[in-house]
Amino acid sequence: MRKILFCLMTTVAAAHFSAQISLTATAGTTTGTYTTLKDAFDAINGGLHQGAITINVTASTTETASAVLNASGAGNGNYTSVLIKPAAGVNATISSADTVATIKLNGADNVTIEGSNNGSSSRNLTITNTYTTGGSPVIIWVASTTTDGALNATVRNTNIYGSNSSGTIVGIIVSGSTLGTAAEFSNNNFTSINNSFNKAQNAIFAVGNATNTDTGFMIKNNVIGSAVATDKMGYRGLAVQNAKNFEISGNVIAGVTIGSTSTAAGILVGAAATNGLIFNNKISDISNTNASGYGAAGLYLSCSGAASNMLVYNNTINGVSGYGYALSGGAADNGNGIIVVSGGGYKIYYNTVVMDVNQTAAGRPSAFNVTSTVTTAGAIDLRNNIFVNKQTQSGDRYTVYSGAANTVFSNINYNDYFSTGTNLGYIGSARATLADVQAGFGGNVNSINVSPVFVSASNFRLATSGNTALDNKGTFLADVTVDADGVTRNATTPDLGSYEFTTAVLAVQDVNTKTKLNYYPNPVVDFITVSHDTKIKNVEVYGVAGQRLIYSDINAEKGSVDMRSLPSGVYILKVNTEKDSQSLKIMKK
């Protein structure tokens, strides 16, 4: 009897020790342990665990098949929310070689995958699909069913890795009950924040319901792609279609390479998409190496509606290249920084686009491109951008190219166009000079032709010296009040491109006569004094990367800020008065 009891105890202890999933619930059976996430999902689908459920991943799992969580109420399932996260202090991987998906939320509402093991932004959970021999596997599938949508799905702080850039189709797909099709019921409020993606064709492909378009998508601060060739994305960074009231912001997309007859893209927004915000994204290293002459785009806009209401601003795009094809300037022919291929209602403001990687062959690359398929009058409002093409391959190298008539522009002005090529732009025919661009495109009365001086080849903030001709050349646009670093835009004469800047003035006192703001000395050694004809509430000091370093209450018309703790360099001084805010560049010795 003792021997039998000992064996039973050993068996139970071993089963508990080998469990990789620990589950708690507020109703039904309130605890459970499992060896795979699929086992835990199966128990929830069967109604064993109910209410608010937390799944702790205590060790890495190898899923034997897709872990599918059905909608609450489908069958015996009865839950209000499901949270999946690594246990405290645990770094874990959920891996599958399933031909469909590693994880599928099958109409399941209120599911959160939280990858941090400590409540911060650390990424301690990795979800992979390792299938390599054909098929169309995805890693996370947020799927509607024929009767229900998957609402409020959130994935954050997680590493999402495929097997290779041509094998795994998507890191996260939001779609219908058939993989990649429009949702039968809307999967509203999908959120992807601070995730890392590589080795898949697409990082995120979110396609909503074509009639009742999905609302509330938030795709923010994700890191997509890699400098390592084998880890790059193989088609696109991310794509959003059939969605409204969505945000794509703060994503870093660096490393998308394709060698096929499709167009590589950093971000694609299209189909029945409306009311979108696309801002503060950094897109680079987007290429198509197909020798038949197919293209690449940093930002690809293809909405179906004439009034899509897309606000595109403060994005920085560089390193986009196609193979090169000279016969037309269409989407599938060359590298383009931003390309508009259909629809209308685009406000494209304050972007910095630098074409700085050569195509293999001559062609018609451009920093900004409108194809002939855009026909709606007033479809595009294009202002306060910096468009540079400094490629050196033979052939045309445009900053702005339009296959459409100039009537598609409701506004086109206050842009900087600079090219190392013979011609600056194209509309109907090549346009060699700024005057030719003005004649062909119309507008552009306040646009300029100036070569910007950037901080470095990879930092597209404007240097404080060498850019006098670019300083304060924008026009105030009420839709955009801060730059990509969070610095307040000048309310009367903002700067072009993604970042505000001020040319360095190495003087004892720098006086802004328009606003009666004084600040001195500049450069500063220890304290900088600021004064204004109205009360200064406070002063903030930011680094050039946008981080706030000093906050000082003033509450007077004059005060001093202690700069002694900061190393030598260039900083942003933000002076907040009772009437407005102004951001200025200062130097610390």
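We count residues from 1, following the sequence as given. Heavy-atom basis, side chains included; hydrogens, waters and symmetry copies ignored.
For an aromatic pair to be called close, the ring centres must be under 6.0 Å apart, and Y350 with Y313 fails this.
Enclosure of atom NZ in K574 by more than 12 non-hydrogen atoms of other residues, nucleotides or ligands within 6.0 angstrom is indicated.
Between R123 and N91, the side chains place no donor N or O within less than 3.5 Å of an acceptor N or O (distance only, hydrogens not considered). Looking at T58 and N56, their side chains never bring a donor and an acceptor atom within 3.5 Å of each other. Side chains of S116 and E114: a donor-acceptor N/O pair is absent below 3.5 angstrom, by distance only. No donor-acceptor contact under 3.5 angstrom links the side chains of E184 and N209, judged on distance only. Between N314 and S498, the side chains place no donor N or O within less than 3.5 Å of an acceptor N or O (distance only, hydrogens not considered). In this structure, a donor-acceptor pair under 3.5 Å is absent between the side chains of Q20 and T35. Checking D98 against S66 by side-chain atom types alone, a donor-acceptor pair falls below 3.5 Å. Using modelled atom types, one finds a donor on one side chain and an acceptor on the other under 3.5 Å when comparing N152 with N189. With 3.5 Å as the limit, one finds a donor-acceptor pair spanning the side chains of S287 and T257. With 3.5 Å as the limit, one finds a donor-acceptor pair spanning the side chains of D39 and T36. When only modelled atom types and interatomic distance are considered, K199 and T168 share no side-chain donor-acceptor pair under 3.5 Å. Side chains of S342 and S302: no donor on one and acceptor on the other come within 3.5 Å. Under the 3.5 Å distance criterion, with hydrogens and angles disregarded, a donor-acceptor pair is assigned to the side chains of N275 and N309. Looking at S249 and E247, their side chains do bring a donor and an acceptor atom within 3.5 Å of each other. For the residue pair T130 / T128, no side-chain donor-acceptor distance below 3.5 Å is found, with atom types taken as modelled. If you check the side chains of T126 and N159, you find a donor sitting under 3.5 Å from an acceptor. At a cut-off of 3.5 Å, with distance as the only test, a side-chain donor of S192 or N222 sits close to an acceptor on the other residue.
Side-chain atoms of S177 do not come within 3.5 Å of backbone N or O of T145 as any donor-acceptor pair. Not a single donor-acceptor pair under 3.5 Å links the side chain of N45 to the backbone N or O of L69. At least one donor-acceptor pair under 3.5 Å links the side chain of S163 to the backbone N or O of Y131. Judged by distance alone, with hydrogens and angles left aside, the side-chain atoms of K232 form a donor-acceptor pair with the main-chain N or O of S226 at under 3.5 Å.
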Could you check I55 against Y34 for side-chain contact (heavy atoms from CB on, under 4.5 Å), going step by step and ending with a plain yes or no?
CA-CA 10 Å; I55 297 173; Y34 301 93; over 6 Å; no
Would S175 and W141 count as a side-chain contact (heavy atoms from CB on, under 4.5 Å) here? Give the steps.
CA-CA 8 Å; S175 75; W141 183 2; 3.1 Å; yes
Evaluate Y349 against L311 for side-chain contact (heavy atoms from CB on, under 4.5 Å), listing each step before the verdict.
CA-CA 8 Å; Y349 301 154; L311 180 57; 3.8 Å; yes
Evaluation steps, side-chain contact (heavy atoms from CB on, under 4.5 Å), between I53 and I44:
CA-CA 9 Å; I53 298 170; I44 296 169; 3.9 Å; yes
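Taking 4.0 Å as the cut-off between side-chain N and carboxylate O, K347 and D479 count as a salt-bridged pair.
Residue G167 comes nearest to P137 through the heavy atom pair O-CD, 3.9 Å, listed as atom of the first residue, atom of the second, then distance.
By the 6.0 Å and 45° rule, R236 stacks over the aromatic ring of F205.
Residue Y300 forms a side chain to side chain contact (heavy atoms under 4.5 Å, CB included) with just one option from I267, V269, V340, L268, and that option is L268. If you run side chain to side chain donor-acceptor pair (under 3.5 Å) between N315 and each of N280, N351, N385, only N351 comes through.
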